[in-house]
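Data block below; observations after.
Quick note on labels: first sequence line is chain A, next is B, and so on, each numbered from 1.
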Amino acid sequence: MTPPSIASRLLPWYQQSGRHDLPWRQSRDPYLLYLAEIMLQQTRVETVKPYFRRFLARFPSWQALADASLDEVLALWSGLGYYARARNAHAAARMVVDRFQGEFPTDLVQALELPGVGRSTAAAVLASAYGQRQAILDANARRVLFRYHGLTGSMRSPQNERLLWQLAEQETPAMAHDYNQAIQDLGALLCLSRKARCDECPLLGPCAGPCEPTQIPQPEKPVRYACFLLLRTEDGCVLLEKRPNRGIWGGLWALPWYALAGANEVPELAETLRNWAREEYGLRPQLGEWHSWQRHTFTHFHLEYRVIEADISVYGVGEGRRALFPFAPEQLAQLALPSPLRRLFS
DNA sequence: AAGCCGTGGAG
DNA sequence: TCTCCAAGGCT
């Protein structure tokens, strides 16, 4: 007892009610479509729009992106999050230029060789850029297919994962480009995760209804504590260090991060910080004002941090184990900074 | 396979 | 204030 195909009802609705004004909707440029797909991973459309505009203006082609420094790429990604996407996009552009003759692959297997391009992203680009019949399975398509076919259990269970991909392939018509956009619009506009607007849905009837996947209880996020050292030189520069490409804020510029065991004040914390600054960075800062506690939530932990101001009179690069670089206040806006630091400096 | 990787809006 | 979650992919 299989329900009728989704496409027959979905496509007319899409023509009428779809989001046809999105900046990447009209183009068939593989580079532009690729960039949109990467930025949209785990990220809302409205958040992406201004980043997409700026990024495309500065890096309008594979070649432009490949020629850029990673530092500048990250600077334009700053605030968008999941910075591995930017590092991967930079590497992918170089791979397209060097290995694929400057063209996004037309073959799914080759597209999957690009770092940061998984099955759904590759399929989305091949469908929209080249008109191929390729099925996507993003959060929207997942939710729509899950409900339409009345699935039960967890969305992410291996069984449902296989089943959802199978359904995605099965439902995707030859006009995959329009269908892929349409099912994403349906998920974003009507088939919402919390309150599905079934009364307006073109799939009402054959759809099994707004059945919900069984929620896997998410483990509580642990809280970590830290203080950030805001070091200023006598000529007003701020000292920043480049974070390693792995881990939180990979490749971005940040303040020295001293991990604390807890939120409780330690009597000798100032002395500890001075010793740490000397051993790690070769500095002898004069500590100043504490900022108030702030909370920043990452994917898998909360960070409670406070900034402490500090002045240094003598500064030389390379005196400690870890390098710090001075930046004048007017330079900071152009840097690849994580959001909390962009706020701090603004 | 499950943990890792950001951020901001919605409720 | 807090949790949830959004055009996922990598290790």
Side-chain angles (χ1 to χ4, degrees), chain A residues 18-19 22-25 33-52 74 77-89 91-92 111-125 127-128 134-144 154-159 161 164-165 168 177 179-189 191-195 212-213 215-224 243-252 254 293-304 336-343:
Chain A
R19 297 176 292 180
L22 300 180
W24 45 85
R25 266 283 146 89
L33 293 165
Y34 157 85
L35 181 63
E37 288 301 326
I38 300 300
M39 285 192 166
L40 286 163
Q41 287 172 1
Q42 299 292 101
T43 311
R44 297 174 189 283
V45 163
E46 288 308 313
T47 305
V48 165
K49 280 179 178 174
Y51 285 89
F52 180 76
L74 284 168
W77 207 277
S78 164
L80 195 54
Y82 285 127
Y83 299 101
R85 294 182 297 173
R87 301 193 299 271
N88 285 333
L112 289 172
E113 292 178 23
L114 297 169
V117 176
R119 181 172 173 185
S120 193
T121 298
V125 176
S128 55
Q134 299 279 4
I136 64 166
L137 190 61
D138 70 322
N140 289 310
R142 264 202 178 79
R143 195 167 53 253
V144 172
S154 157
M155 191 87 79
R156 291 292 185 162
S157 73
Q159 305 92 305
E161 182 73 10
L164 285 165
W165 268 112
H177 170 45
Y179 171 83
N180 289 345
Q181 309 304 314
I183 199 165
Q184 290 180 305
D185 280 6
L186 187 71
L189 299 176
C191 197
L192 306 175
S193 62
R194 303 199 185 189
K195 44 175 178 54
E212 300 305 332
Q215 289 297 324
I216 302 169
Q218 304 201 359
E220 197 170 316
K221 288 181 180 176
V223 183
R224 298 187 200 172
R243 295 185 59 85
N245 279 340
R246 292 223 169 220
I248 292 289
W249 297 339
L252 274 64
W293 284 101
Q294 305 286 327
R295 167 175 280 222
H296 185 75
T297 299
F298 292 100
T299 310
H300 58 292
F301 67 93
H302 301 289
L303 178 68
E304 305 245 359
L337 298 173
S339 278
L341 292 190
R342 192 165 292 286
R343 277 195 295 276

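- Across all their heavy atoms, A:M39 and A:Y51 have their closest contact at CE-O, 3.7 Å.
- Straight-line distance from the CD atom of A:Q41 to the P atom of B:dG6: 13 Å, rounded to whole Å.
- Among the heavy atoms of the strands lying under 4.0 Å from A:A139 are primed sugar atoms or P, OP1, OP2 only; no base atom is included.
- Each of A:V117 and A:E37 was matched to the nucleotide of DNA chain C holding its nearest heavy atom; the match closer to the 5' end belongs to A:E37.
- Backbone-only engagement by A:I248 is indicated by non-hydrogen atom pairs under 4.0 Å involving sugar-phosphate atoms exclusively.
- Annotation: C:dA7 and B:dC5 have their P atoms spaced 23 Å apart (nearest Å).
- The two residues A:D138 and A:S120 make their nearest non-hydrogen contact at N-OG, 3.8 Å.
- Atom pair A:R85:CZ and C:dG8:P shows a separation of 9 Å (rounding to whole Å applied).
- The side chain of A:W24 sits closest to C:dA7 out of C:dC5, C:dA7, B:dT7.
- Atom-to-atom, CZ of A:R295 to P of C:dT1 comes out at 10 Å; the value is rounded to the nearest Å.
- A:W249 has no side-chain polar atom (N or O) that falls below the 4.0 Å cut-off from OP1 or OP2 of B:dC4.
- A pairwise comparison of heavy atoms in A:A92 and A:Y34 identifies CB-OH, 3.5 Å as the closest pair.
- In this structure, the ring of A:F298 has its center no less than 6.0 angstrom from the ring center of A:H300.
- Minimum atom distance to the side chain of A:D138 is reached by C:dG8, of the listed B:dC5, B:dG8, C:dG8.
- Between A:E212 and A:R194 there is no salt bridge, since no side-chain nitrogen of the basic residue lies less than 4.0 Å from a carboxylate oxygen of the acidic one.
- Nearest nucleotide to the A:R156 side chain, out of B:dT7, C:dG8, C:dA7: C:dG8.
- Residue-level contact check: A:L303 touches neither bases nor backbone, having no heavy atom under 4.0 Å from any strand.
- In terms of position along DNA chain B, the nucleotide closest to A:G79 lies nearer the 5' end than the nucleotide closest to the other residue of the pair A:G79 and A:R194.
- In this pair, A:F52 and A:W24 present their aromatic rings perpendicular. The plane angle is above 60°, beyond the 30 to 60° band.
- Taking atom CG on A:L80 and atom P on C:dA7, their separation rounds to 14 Å, with Å as the unit.
- Relative to the side chain of A:F298, the nucleotides B:dG6, B:dG8, C:dT11 differ in distance, and B:dG6 lies closest.
- For A:Y82, the listed nucleotide lying nearest its side chain is C:dG8; candidates were C:dC2, B:dG8, C:dG8.
- With C:dG9, C:dA7, C:dC2 as the candidates, the nucleotide lying closest to the side chain of A:S120 is C:dG9.
- For the OP1/OP2 pair of C:dA6 and a distance below 4.0 Å, the side-chain nitrogens and oxygens of A:R143 include at least one atom meeting the criterion.
- The nearest pair of heavy atoms linking A:R19 to A:D185 is N-OD2, 2.7 Å.
- For the P atom pair drawn from B:dG6 and C:dT11, the interatomic distance equals 14 Å after rounding to whole Å.
- Contact between the side-chain N/O atoms of A:T299 and the OP1/OP2 oxygens of B:dG3 is not found at any separation under 4.0 Å.
- Here the side chain of A:R224 pairs no donor or acceptor atom with the backbone of A:F301 at under 3.5 angstrom.
- Listed nucleotides: B:dG6, B:dT7, C:dC10. Nearest to the side chain of A:P338: B:dT7.
- Rounded to whole Å, the distance from CG on A:N245 to C1' on C:dC10 is 14 Å.
- The stretch residues 42-50 of chain A touches DNA chain B through A:Q42, A:T43, A:R44, each having a heavy atom under 4.0 angstrom from the strand.
- A:L40 has its CG atom 18 Å from the P atom of B:dT7, to the nearest Å.
- The side-chain contact (heavy atoms from CB on, under 4.5 Å) search around A:L33 returns A:S128, A:A129, not counting sequence neighbours.
- The side chain of A:H300 contributes an N or O atom lying less than 4.0 Å from OP1 or OP2 of B:dC5.
- Here the side chain of A:Q218 is nearest to one of C:dA7, C:dC5, B:dT7, namely C:dC5.
- Within 4.0 Å (heavy atoms only), A:G187 reaches no atom of the nucleic acid at all.
- In this structure, OH of A:Y51 is placed 8 Å from C1' of B:dT7, rounded to the nearest angstrom.
- Closest to the A:S193 side chain, of the nucleotides C:dC5, B:dT7, C:dA7, is C:dC5.
- Residue A:R343 places at least one side-chain N or O closer than 4.0 Å to OP1 or OP2 of B:dG8.
- Between A:K221 and C:dT3, a side-chain N or O to OP1/OP2 separation shorter than 4.0 Å is absent.
- Looking only at atom types and distance, the side chain of A:Q41 has no donor-acceptor partner in the side chain of A:R85 under 3.5 Å away.
- Between A:H296 atom NE2 and C:dT1 atom P the separation is 16 Å, expressed in whole Å.
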